[in-house]
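Inspection log for the structure reproduced underneath, given as structure tokens.
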Amino acid sequence: MQSSTFYQDVYDVVKLIPAGRVTSYGAIAAYLGTKGSSRLVGYAMNNSIKTEASIPAHRVVNRNGLLTGKFHFGPGNEMKNLLEQDGLEVMDNQVKNFKSVFWNPTIELEI
DNA sequence: GCGGTGACGAAGC
DNA sequence: AGCTTCGCCACCG
């Protein structure tokens with residue numbers, strides 16, 4: 001992808017996340033080849049809300065399946081609501097069966 | 001051009 | 001086994 005910035009790469013990968021699946025920041029970072037900069041992925045998402053609000057950032061959670069960015073999404077449990085709309089089960093800011101719904105771009109997209 | 005930042009992750013205690 | 005600390009690296013001012 002002719003992405004000028006690392007953020008654009010993150011946006012593109014997140015957009016490829018199928019409904020009903022979730023991935024982790026580190027997985028995206030690893031797919032992009034910058035697994036050490038998992039923080040950048042999260043930071044990119046933060047910027048994505050302001051720039052690319054169409055990105056399903058709610059499908060991206062941390063390694064533990066926790067909705068860490070929930071507070072950045074909206075006033076309340078909007079992130080949880082969006083995940084439920086995708087057919088996911090969320091309890092106490094954590095995706096249930098996270099391991100089962102985990103979407104690994106490195107494998108699914110197979111660089 | 002440099003320092004601060006950050007929705008993480010892994011290691012250490 | 002749970003909490004704390006450090007590292008990491010691209011973007012912004």
Side-chain angles (χ1 to χ4, degrees):
Chain A
M1 314 271 182
Q2 60 285 19
S3 42
S4 304
T5 61
F6 176 81
Y7 286 19
Q8 194 63 47
D9 275 348
V10 175
Y11 303 155
D12 187 70
V13 175
V14 174
K15 287 178 181 176
L16 294 176
I17 301 175
R21 304 286 174 149
V22 293
T23 190
S24 63
Y25 304 96
I28 297 174
Y31 171 72
L32 296 177
T34 55
K35 75 176 184 179
S37 48
S38 53
R39 300 165 114 188
L40 284 310
V41 179
Y43 194 52
M45 316 274 5
N46 187 6
N47 194 26
S48 75
I49 295 181
K50 296 180 293 190
T51 59
E52 304 284 340
S54 302
I55 295 183
H58 57 276
R59 293 178 189 160
V60 185
V61 293
N62 72 345
R63 192 65 180 88
N64 295 318
L66 279 175
L67 281 56
T68 46
K70 166 187 161 182
F71 297 99
H72 285 264
F73 249 84
N77 55 343
E78 180 157 339
M79 189 170 182
K80 177 182 177 183
N81 192 355
L82 290 170
L83 287 169
E84 289 179 346
Q85 290 182 24
D86 284 343
L88 294 169
E89 295 180 88
V90 181
M91 178 175 284
D92 193 26
N93 299 336
Q94 184 174 8
V95 179
K96 299 179 68 174
N97 300 325
F98 172 69
K99 183 179 179 182
S100 300
V101 298
F102 180 74
W103 181 78
N104 190 337
T106 307
I107 296 177
E108 298 295 333
L109 298 179
E110 292 189 27
I111 304 176

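- Here the P atom of nucleotide dG7(C) and the CG atom of L40(A) are 17 Å apart, to the nearest Å.
- Distance N64(A) CG to dG2(C) P: 11 Å, rounded to the nearest Å.
- Between A29(A) and S38(A) the shortest heavy-atom distance is CB-CA, 3.8 Å.
- Atom pair I28(A):CD1 and dC9(C):P shows a separation of 18 Å (rounding to whole Å applied).
- F73(A) comes within contact range of at least one nucleobase, with a heavy-atom separation under 4.0 Å.
- The nearest pair of heavy atoms linking K15(A) to E52(A) is NZ-OE1, 4.2 Å.
- Straight-line distance from the CG atom of L32(A) to the P atom of dC11(C): 11 Å, rounded to whole Å.
- With DNA chain C read from its 5' end, the first of the two nearest nucleotides for S38(A) and Y7(A) is the one closest to S38(A).
- Taking atom OH on Y11(A) and atom P on dA10(C), their separation rounds to 15 Å, with Å as the unit.
- At the heavy-atom level, N62(A) lies under 4.0 Å from the strands shown only through sugar-phosphate atoms.
- Closest approach of W103(A) to L109(A), counting heavy atoms only: CH2-CD1, 3.9 Å.
- Across all strands shown, L67(A) has no heavy atoms under 4.0 Å from either base or sugar-phosphate atoms.
- With N104(A) contributing its side chain and T106(A) its backbone, the two residues share a donor-acceptor pair below 3.5 Å.
- In plain terms, the two heavy atoms of F73(A) and H58(A) that are nearest each other are CZ-N, 3.2 Å.
- A29(A) comes within 4.0 angstrom of nothing in the nucleic acid, heavy atoms only.
- In the 5' to 3' direction, nucleotides of DNA chain B lying under 4.0 Å from heavy atoms of chain A begin and end at dG6(B) to dG9(B).
- Judged purely by atom type and a 3.5 angstrom limit, N62(A) uses its side chain to pair as donor or acceptor with the backbone of N64(A).
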